Amino acid sequence: MGRLGVDLYPLRSGVGLDRVDTFGRFLGGSPANVAVAAARLGRRTALVSRTGADPFGTYLRRELGAFGVDARWVTEVAEHPTPVTFCALFPPDDFPLTFYRRPKAPDLEIHPHELDLGAIRAARVLWATGTGLSEEPSRTATLTALRARSGRPHTVLDLDWRPAFWPDPATARPHYTEALRHATVAVGNAEECEVATGESDPEAAARALLTLLAPTGTGPTGTAPTGTGPGAPGLRLAVVKRGPDGVLALAADGRRARVAPLPVDVVNGLGAGDAFGGALVDGLLSGRPLDEVLRRANAAGAIVAGRLACAPAMPDPAEIGRALATGSGTLPPDPGHPNHLSHPDHTGHTDHPGRFTHTPRPGLPGGGACLPKDGSP
């Protein structure tokens, strides 16, 4: 549930947007990408969101369907255009975003009375985001959806901190706290967890998330606290993504896991967290051990970081298996494997081997520009 828009990624990296003349168009928005990622792994997914009543909105609903995501709850808002997001590419770790979401993004016009609460309660997972808390009526709608779950597993809050959408962290924190009151899983990177808890150390932030609303005397002590059954308040799992330092997860029953990342030749770091999210959903539903869930989610994120796009780059189970087997998110070409970029709108990008060549960029550690060999888009 939440953000949906069009991503425009340059087909040239290592330069600013003022020098880019050719872009690729992709479905975007973190919750939409997570839904696509989970669908790629065989899960039945749907998105609750809104678009403008414009051609970009039509494109997004068509793309969701092509990726196997049910778009029946993606409706139009006549007053606001479908948002567009531009990204500049400076691998390995600089991908500045420019959001065009004014005067207001349609996905912030989700109203509580429009929600299909029966479907939300019946879903085996609900994935909501911090961005949905940034403005009304989306804030109330997001909280209504979370409350409808009544602490049912798996009710996930992706902290999804975007500074451009909030006046400051202090304004956001009480809204995060209220949303976490109804979630069972919290996911965020170190900065996002600090915004939600005030703790900068990842382990301290994870513990703070678990104890934020826990009854007195409970927490991740090695013994399952009382009041952690279905419908009880408080988180069961806190997941802190740490980029090159891997991922840390603490559970309220005392389980913990710390997993190192897979190495990858980064093309675009955006979307890696959404791939992680989709694989996390799959892992939560599969019942796998926590460390295995995180290893697979890390592998999914690494694979997408090595590709230009977000949604069309999401890996399938075989690709995750290959990445884990080879110990790298940079997968060698496999002519016998279905090309998930074969959709007509997704051809000719950096994911296709042999079309782009690496040009070193001075001053950028390990980075460079990926430019077409033949000069074509």
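Keep in mind it's a predicted model, so treat the numbers as computed, not measured.
- Here the side chains of Val267 and Ser13 are not in contact, with every heavy-atom distance at 4.5 Å or above.
- Note on ring orientation: taking the six-membered ring where Trp is involved, the planes of Trp161 and Trp166 are parallel (angle under 30°, cut-offs 30° and 60°).
- Under the 6.0 Å distance and 45° angle rule, Arg40 does not count as a cation-pi partner of Phe67.
- Closest non-hydrogen pair, Thr184 versus Gly151, comes out as CG2-O, 3.1 Å.
- Looking only at side-chain heavy atoms (C-beta outward), His154 and Leu285 come within less than 4.5 Å of each other.
- A pairwise comparison of heavy atoms in Thr197 and Cys193 identifies OG1-O, 2.7 Å as the closest pair.
- No donor-acceptor pair closer than 3.5 Å links the side chain of Asp70 to the backbone N or O of Ala46.
- Under the side chain to side chain donor-acceptor pair (under 3.5 Å) criterion, Thr82 pairs with Asp54, not counting sequence neighbours.
- When the side chains of ILVMFWY residues are joined at heavy-atom separations under 4.5 Å, either directly or via intervening members, Val259 and Leu284 end up in a single hydrophobic cluster.
- Summarising the geometry of Ala311 relative to Asn33, their closest heavy-atom pair is CB-OD1, 3.5 Å, with the distance given to 0.1 Å.
- The structure places CG of Leu117 at 11.5 Å from CZ of Arg149, a figure rounded to the nearest 0.5 Å.
- Under a 3.5 Å cut-off, the side chain of Arg307 and the backbone N or O of Ala313 do form a donor-acceptor pair.
- For the atom pair NE2 (His111) and OG1 (Thr140), the distance works out to 10.5 Å, reported to the nearest 0.5 Å.
- Residues meeting the side chain to side chain donor-acceptor pair (under 3.5 Å) test with Arg121, sequence neighbours left out: none.
- Between the side chain of Thr155 and the backbone N or O of Ala183 there is no donor-acceptor pair closer than 3.5 Å.
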Discussion item. Assess the residue pair Asn268 and Cys87 against the criterion (side chain to side chain contact (heavy atoms under 4.5 Å, CB included)); give the C-alpha distance rounded to whole Å, side-chain angles, the decisive distance to 0.1 Å, and a yes or no.
Written reply: CA-CA 9 Å; Asn268 183 0; Cys87 171; 4.3 Å; yes

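- Note on Leu126: it does not cluster hydrophobically with Leu280, by side-chain heavy-atom contacts below 4.5 Å among ILVMFWY residues.
- Within the 6.0 Å centre-distance limit, the rings of Tyr100 and Phe86 are counted as a close aromatic pair.
- At a threshold of 4.5 Å between side-chain heavy atoms, the hydrophobic network of Ile, Leu, Val, Met, Phe, Trp and Tyr places Val125 and Val48 in two separate groups.
- Contact between Val304 and Met314 at its shortest, heavy atoms only, is CG2-SD, 3.8 Å.
- Side-chain contact between Ser138 and Leu133 is absent, with no heavy-atom pair separated by less than 4.5 Å.
- In this structure, Glu192 does not pair ionically with Arg162, as no charged nitrogen and carboxylate oxygen lie closer than 4.0 Å.
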Fill in: salt bridge (charged side-chain N to carboxylate O under 4.0 Å, His left out) between Glu63 and Arg25, worked out
CA-CA 11 Å; Glu63 286 291 271; Arg25 179 187 65 171; over 6 Å; no

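- Using modelled atom types, no side-chain atom of Asp158 and backbone atom of Gly188 make a donor-acceptor pair closer than 3.5 Å.
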Discussion item. Would Asp168 and Thr171 count as a side chain to side chain donor-acceptor pair (under 3.5 Å) here? Give the steps.
Written reply: CA-CA 6 Å; Asp168 52 59; Thr171 303; 2.8 Å; yes

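- Side-chain contact between Leu157 and Val187 is absent, with no heavy-atom pair separated by less than 4.5 Å.
- Salt bridge status for Glu76 with Arg61: present, with a side-chain N to carboxylate O gap under 4.0 Å.
- In this structure, CG on Leu115 lies 7.5 Å from CD1 on Ile110, to the nearest 0.5 angstrom.
- Between Arg147 and Glu178 there is a salt bridge, since a side-chain N of the basic residue sits under 4.0 Å from a carboxylate O of the acidic one.
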Worksheet item: Hey, mind stepping through Val74 and Leu60 against side chain to side chain contact (heavy atoms under 4.5 Å, CB included) and telling me if it holds?
Response: CA-CA 9 Å; Val74 179; Leu60 290 172; over 6 Å; no

Item to complete: Please report the C-alpha distance between Phe26 and Tyr9 in whole Å, then the side-chain angles of each, then the deciding distance to 0.1 Å, and finally whether the ring pair (Phe, Tyr, Trp, His ring centres under 6.0 Å) criterion is met.
Response: CA-CA 8 Å; Phe26 304 99; Tyr9 292 152; 5.7 Å; yes

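- Val185 has its side chain out of reach of Arg236: every pair of non-hydrogen atoms, C-beta onward, lies at least 4.5 Å apart.
- Hydrophobic cluster membership differs between Ile320 and Phe276, with clusters built from Ile, Leu, Val, Met, Phe, Trp and Tyr side chains linked at under 4.5 angstrom.
- Here the CG-CG distance, from Leu4 to Leu27, works out to 6.0 Å after rounding to the nearest 0.5 Å.
- Taking 4.0 Å as the cut-off between side-chain N and carboxylate O, Asp107 and Arg3 do not count as a salt-bridged pair.
- Using a 4.5 Å heavy-atom threshold, the side chains of Val266 and Asp93 count as separate.
- Residues Leu11 and Leu308 have side chains in contact (heavy-atom distance under 4.5 Å, counting atoms from C-beta outward).
- Rounded to the nearest 0.5 Å, atoms CE (Met1) and CG (Leu47) are 9.5 Å apart.
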Fill in: Chi angles and distances behind the side chain to side chain contact (heavy atoms under 4.5 Å, CB included) call for Phe56, Thr51
CA-CA 8 Å; Phe56 274 160; Thr51 70; over 6 Å; no

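- With rounding to the nearest 0.5 Å, the separation of CG in Asp291 from CZ in Arg258 is 13.5 Å.
- Using a 4.5 Å cut-off between side-chain heavy atoms of Ile, Leu, Val, Met, Phe, Trp and Tyr, with links allowed through other members, Leu237 and Leu248 fall into different hydrophobic clusters.
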Item to complete: Under the side chain to side chain donor-acceptor pair (under 3.5 Å) rule, what do Ser30 and Asp160 come out as? Steps first, then yes or no, please.
Response: CA-CA 8 Å; Ser30 181; Asp160 189 37; 4.5 Å; no

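- For the pair Val240 and Asn189, the minimum side-chain heavy-atom distance is 4.5 Å or more.
- Salt-bridge check for Arg139 with Glu109: failed, with every basic side-chain N at 4.0 Å or more from each acidic carboxylate O.
- Using a 4.0 Å cut-off between charged side-chain N and carboxylate O, Glu292 and Arg296 make no salt bridge.
- Ionic pairing of Glu79 and Lys104 is not present here: no N-O contact between side-chain nitrogen and carboxylate oxygen is shorter than 4.0 angstrom.
- Contact record, Ala249 with Leu294: CB-CD1, 3.6 Å, taken as the closest heavy-atom pair.
- In this structure a side-chain-to-backbone donor-acceptor pair under 3.5 Å is missing from Arg12 to Thr22.
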Practice prompt. Walk me through it: do Arg50 and His80 pass the test side chain to side chain contact (heavy atoms under 4.5 Å, CB included)?
Written response: CA-CA 10 Å; Arg50 305 195 75 180; His80 303 300; over 6 Å; no

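- A pairwise comparison of heavy atoms in Ala299 and Leu324 identifies CB-CD2, 3.9 Å as the closest pair.
- Few gaps surround CZ on Arg288; more than 12 heavy atoms of other groups in view lie less than 6.0 Å from it.
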